[in-house]
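So the structure is just underneath, and the comments pick up after that.
Just so you know, these numbers use all the heavy atoms, side chains as well, and skip hydrogens, waters and symmetry mates.
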Amino acid sequence: MSTVSIGTLQHHSLRENPQYSPKSKAFKPCSLNCSPQTKFFFHSRRFCNFRAPKHSHVVVKAASAAETAVVQTFESAELFFKETFPLKRTETVEGKIFVRLDQVKNSQIWQLTVGCNLPGKWILHWGVSYVGDVGSEWDQPPTEMRPPGSIPIKDYAIETPMKKSSSSGGDGFYEAKIDLSPNSAIAAINFVLKDDETGAWYQHRGRDFKVPLVDYVQDDAPDSNIAGAKRGFSIWSGAFGPLSSLILRGEASTTTGPDNSTNSRDPKQESRSLERFYDEQPIAKQVSVDNSVTVSVRKCPETAKNHLHVETDLPGDVVIHWGVCLDGAKKWEIPAAPYPPETIAFKDKALRTRLQPKDGGDGCWGSFTVEEGLEGFLFVLKLNENTWLNCMGNDFYIPLSSSSLSARSTQSLSGGTQIPEKDSKENQEGSISKYTSGIIKEIRNLVGDISSEKSQKTKSKEAQESILQEIEKLAAEAYSIFRSSIPTFTEEAVVEAEKQISPVKICSGTGTGFEILCQGFNWESHKSGRWYMEIKEKAAELSSIGFTVIWLPPPTESISPEGYMPRDLYNLNSRYGNIDQLKEVVKKFHEVGIKVLGDAVLNHRCAHYKNQNGVWNIYGGRLNWDDRAVVADDPHFQGRGNKSSGDNFHAAPNIDHSQEFVRKDLKEWLCWLREEIGYDGWRLDFVRGFWGGYVKDYIDATEPSFAVGEYWDSLSYTYGEMDHNQDAHRQRIIDWINATNGTAGAFDVTTKGILHAALERCEYWRLSDSKGKPPGVVGWWPSRAVTFIENHDTGSTQGHWRFPGGKEMQGYAYILTHPGTPTVFHDHIFSHYRPEIEALISIRNRNKIHCRSTIKITKAERDVYAAIIDEKVAVKIGPGHYEPPSGQQKWSSAYEGKDYKVWESS
């Protein structure tokens with residue numbers, strides 16, 4: 001269920017586009033939640049059947065004339081509580097997408113037009129297939145074919161902005177036109193649509209659209225993605241993951257040798273039969289709508305009763321499922337009659353009432369009268385049998401007494417209904433406490449033995465490291481045992497000693513805990529051809545800022561210039577520089593005290609040769625594998641290995657890590673990189689593609705000082721809005737880390753996504769989970785969480801998931817003061833953000849904040865988030881006000897910027 005931010009609104013005005021207003025037939029309802037501090041009502045065009053079920057016990061007393069008169073005195077009663085809240089919600093607007101192929105008048109040129117009649121910042125993401133290419137579905141078109149304003153994406157696609165048609169009139173539509181020559185070597189045009197405002201991609205049932213220009217690509221399957229004169233098509237919308245997982249692209253077009261240009265192809269090899277056609281199908285898009293709601297409580301001086309009035313500008317029908325509570329336990333009770341009209345009882349536990357439409361139909365309202373002496377009014381909203389609306393997973397709670405109102409005003413987070421199982425819960429907690437105390441006692445005895453006179457023989461640094469490594473491995477194994485019997489991972493309970501011994505390696509691949517990473521490149525760094533030498537000149541500068549680790553780009557020869565389509569793994573002459581320059585830059589960083597991570601692409605490898613079927617899956621070079629090294633379940637590359645142990649990356653052959661010869665060769669290669677180049681650790685690309693247990697094998701063989709995997713998948717969304725609860729997303733990352741036996745960390749994609757939603761929508765309550773902990777991986781396993789806000793994929797010139805503009809420093813204020821291992825993007829440190837980033841790194845180092853630092857979230861509301869770390873540093877982000885608690889501990893301002901501030905304990 002999606003989440004909506006609601007904040008107090010004193011004066012507001014509402015504007016509505018009549019075409020996309022909630023009254024439009026184009027809209028359909030969706031389910032929503034609210035922020036933790038708000039109480040409001042929603043509407044829906046559908047509502048529950050108010051006829052009582054045959055076997056339900058319904059006892060409803062309608063209001064009498066006298067009671068109606070009491071309600072009419074509502075405005076004259078004493079006002080006890082009133083708030084107006086702005087409400088953002090999403091609804092579905094329907095339109096159409098169309099594809100038209102026509103010949104330009106008085107010309108031999110044909111023109112393909114792709115359009116959409118819905119508002120948005122539409123982008124046509126497209127590429128071509130050439131005649132004669134086998135297995136290559138996407139390639140860049142010739143320059144003369146690209147419409148003005150088009151931008152190349154990597155080396156296989158083009159993005160063309162769709163412009164509003166000047167001839168459409170009225171509401172208009174958006175379109176892009178591509179000129180085609182009937183004599184070109186192009187076999188088909190492939191495309192998907194992207195709404196740049198929302199980041200949503202629109203495909204055909206998960207496949208790219210294809211417009212064939214020669215007969216041989218026609219597909220008669222009923223769910224074909226082909227659009228043409230003899231075929232219609234449909235389109236489905238959805239939020240997808242990174243672009244690399246969407247586009248199916250072989251590298252054949254770039255590996256066919258020197259004679260692979262478009263001019264060398266013979267378009268006459270296939271029959272060409274262009275025909276005019278026009279196809280269109282419905283498309284649905286989620287749009288944002290603003291509304292507001294007011295909740296009022298008045299105390300009647302004559303009857304001492306509570307009169308609640310709910311009024312909202314949401315049109316349509318709303319059912320409120322409501323009750324009252326007698327005390328702070330918030331247990332649902334049915335109040336005494338009278339009840340509003342159209343009220344039914346539900347299982348003797350609650351009431352259901354339909355809100356009444358306002359005069360003129362602009363919204364709805366409801367009035368409720370309940371007796372004195374009650375603590376609060378509870379409710380949830382029901383739109384249909386499958387859709388319930390609540391407040392951040394809890395019931396809405398309106399205070400009815402002075403004590404409950406006071407408690408509400410002092411809470412930083414809204415409380416929900418609690419099931420009164422106190423006794424059983426206390427017994428359970430007592431049992432758990434006794435059990436865990438026994439385990440903790442045994443662990444402490446073990447630690448005591450280590451520090452006793454028995455350990456006097458093991459005071460060498462090497463011995464200490466060995467013991468610590470074994471403890472870490474035992475902890476990972478213990479987690480694996482407990483993980484098999486519980487649904488989710490519980491918080492890591494590791495507290496560092498106040499005084500740190502000189503940093504030692506805790507476990508192979510997990511570092512000292514005090515690392516601060518710098519990503520030392522962006523998506524364009526390869527273009528100079530001498531990036532190694534350029535970043536080498538910045539080594540001393542980066543060391544002085546406080547970075548301890550730098551992540552360098554992929555070093556191997558690659559089909560793509562950025563390095564992420566490797567071919568000959570032992571050839572280290574890349575677009576970034578040659579092998580000697582790579583050795584120089586690694587040596588320089590070591591001289592200034594910075595460790596170096598190599599970017600190891602282990603999931604896939606581009607082939608050198610085709611097999612007998614014309615498929616690229618045969619390798620050359622030192623690692624001259626055959627198709628047994630390729631997984632069997634990727635139809636694009638026809639491997640003879642086993643099925644993949646992860647998700648396939650369709651742009652290149654996925655390596656079968658279950659093969660012993662593959663793992664042996666990769667371990668030898670990684671060890672060679674450690675010895676020959678001097679890498680200290682690894683950044684592992686696309687680890688979703690293969691089992692984490694294989695990563696453990698590679699870590700154990702190479703013994704890096706630090707390793708981090710890129711486990712990237714989509715967060716949880718409902719109707720286009722990010723869910724508050726992202727436990728399932730971070731659990732998948734945790735599971736991968738655990739599969740490595742804890743030997744590697746992972747980028748905390750969960751935290752990045754939640755920061756996006758919190759900062760973009762001013763919903764800072766998102767930064768606390770249901771237990772008051774950080775909601776990302778850093779809240780569950782901080783020593784393995786590598787936090788970041790931007791990298792070469794999300795930002796730079798790719799911009800696949802760019803951090804909210806102008807709010808980057810709020811993101812850095814968060815990750816540089818919190819536990820976990822923070823990463824700073826190259827483009828940010830060498831920009832106007834540098835002084836602020838330097839100041840935050842200095843604060844982190846000065847206060848010895850590390851990956852296991854303790855955190856206490858002190859505020860998480862609509863417009864402000866605040867936390868105290870290690871009782872040494874306090875931080876707040878967001879436009880709202882916050883000051884650290886005063887008392888024996890004194891705080892002094894350390895640094896502040898736009899919408900963030902940091903304090904140090906003095």
Side-chain angles (χ1 to χ4, degrees), residues 3 5-8 35-38 392 407-415 491 724 726 748 750-752 754-776 778-779 782 785 787 789 803-804 806-820 822 836-837 839-844 846-847 849-850 852-906:
T3 306
S5 177
I6 307 298
T8 302
S35 75
Q37 293 193 345
T38 60
M392 291 288 297
R408 176 187 179 274
S409 64
T410 58
Q411 289 175 347
S412 61
L413 294 173
S414 296
E491 293 85 344
H724 175 236
Q726 294 293 337
D748 194 346
T750 315
T751 290
K752 174 177 168 63
I754 293 171
L755 281 169
H756 273 244
L759 274 59
E760 277 180 329
R761 303 170 62 88
C762 196
E763 295 174 348
Y764 290 84
W765 47 264
R766 290 181 178 272
L767 294 173
S768 177
D769 68 10
S770 60
K771 296 183 179 180
K773 300 290 186 181
V778 72
T787 52
I789 70 166
F803 201 77
K807 302 180 186 295
E808 290 86 353
M809 285 313 305
Q810 288 188 62
Y812 280 123
Y814 183 92
I815 68 172
L816 287 171
T817 59
H818 279 51
E836 296 176 80
I837 293 173
L840 291 172
I841 291 177
S842 177
I843 292 171
R844 183 180 184 90
R846 189 161 63 241
N847 290 278
I849 296 174
H850 50 84
R852 296 175 179 80
S853 288
T854 60
I855 179 172
K856 178 182 178 182
I857 297 175
T858 55
K859 203 168 189 179
E861 298 180 352
R862 180 185 64 84
D863 60 351
V864 64
Y865 164 88
I868 295 176
I869 300 89
D870 281 348
E871 298 296 329
K872 299 176 183 177
V873 172
V875 60
K876 82 96 180 177
I877 62 173
H881 176 73
Y882 172 80
E883 291 290 334
S886 58
Q888 294 183 349
Q889 193 173 19
K890 303 298 182 182
W891 297 94
S892 59
S893 175
Y895 197 83
E896 63 181 299
K898 180 176 173 54
D899 291 336
Y900 74 90
K901 188 172 182 178
V902 183
W903 296 262
E904 291 177 298
S905 177
S906 56

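Nearest approach of V778 to P782, heavy atoms of both residues: O-CB, 3.4 Å. When all heavy atoms are compared, the tightest approach of H724 to W765 is CD2-CZ3, 3.5 Å. The minimum heavy-atom distance linking T751 with G776 is given by the pair OG1-CA, 3.3 Å. Listed here is the closest heavy atom pair of I843 and A894: CD1-CB, 3.8 Å. In terms of heavy atoms, P775 sits closest to Y814 at CD-OH, 4.2 Å.
Side-chain contact of D870 with T854: a donor-acceptor pair under 3.5 Å is present, judged by distance alone.
Taking the side chain as every heavy atom from C-beta outward, E883 and K901 approach each other to under 4.5 Å. The side-chain heavy atoms of I855 and P774, taken from C-beta on, include a pair separated by under 4.5 Å.
Remark: E808 engages no residue in a salt bridge (charged side-chain N to carboxylate O under 4.0 Å, His left out) (not counting sequence neighbours). With sequence neighbours excluded, the residues forming a ring-ring contact (aromatic ring centres under 6.0 Å, His included) with F803 are H756, listed by chain and number. When the side-chain contact (heavy atoms from CB on, under 4.5 Å) test is applied to S770, no partner is found at least two apart in sequence or on another chain. In terms of the ring-ring contact (aromatic ring centres under 6.0 Å, His included) criterion, residue partners of Y812 (sequence neighbours excluded) are, by chain and number, H828. For K752, the salt bridge (charged side-chain N to carboxylate O under 4.0 Å, His left out) partners at least two apart in sequence or on another chain are E790.
Annotation: the span from S905 atom OG to W891 atom CH2 amounts to 5.0 Å, rounded to 0.5 Å. Expressed to the nearest 0.5 Å, how far CG of L840 lies from CG of L816 amounts to 5.5 Å. To the nearest 0.5 Å, the span separating NZ on K773 from CD1 on I857 amounts to 8.0 Å. To the nearest 0.5 angstrom, S853 atom OG is 13.5 Å from I868 atom CD1. Summarising the geometry, atom CG belonging to D748 is positioned 9.0 Å from atom CG belonging to L755; distances are rounded to the nearest 0.5 Å. With rounding to the nearest 0.5 angstrom, the OG1 atom of T750 is 7.0 Å from the CD atom of Q726.
With M809 as the partner, the side-chain contact (heavy atoms from CB on, under 4.5 Å) test is satisfied by one option alone out of I837, D899, I789: I837. Test E861, Q810, K859 against Y764 for side-chain hydrogen bond (donor to acceptor under 3.5 Å, both in side chains) and you get one pass: Q810.
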- Query: Do E836 and Y900 pass the side-chain hydrogen bond (donor to acceptor under 3.5 Å, both in side chains) test, and can you show the C-alpha distance, the side-chain angles, and the key distance before you say yes or no?
  - Reply: CA-CA 11 Å; E836 296 176 80; Y900 74 90; 2.6 Å; yes
- Message: Apply side-chain hydrogen bond (donor to acceptor under 3.5 Å, both in side chains) to residues Y865 and E763 and explain how you reach the verdict.
- Response: CA-CA 9 Å; Y865 164 88; E763 295 174 348; over 6 Å; no
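Of the possible donor and acceptor atoms, one in the side chain of T817 sits under 3.5 Å from a partner among the backbone N and O of A813. Without hydrogens or angle criteria, R844 side chain to H818 main chain gives a donor-acceptor distance under 3.5 Å.
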In a table with atom names and distances, give each donor-acceptor pair under 3.5 Å that connects a side chain of residues 873-882 to protein atoms at least two apart or in another chain.
unit_1, atom_1, unit_2, atom_2, d
K876, NZ, G878, O, 2.6
K876, NZ, G880, O, 2.9
Y882, OH, T858, OG1, 2.9

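Taking a cutoff of 4.0 Å between a charged side-chain nitrogen and a carboxylate oxygen, E904 and R846 qualify as a salt bridge.
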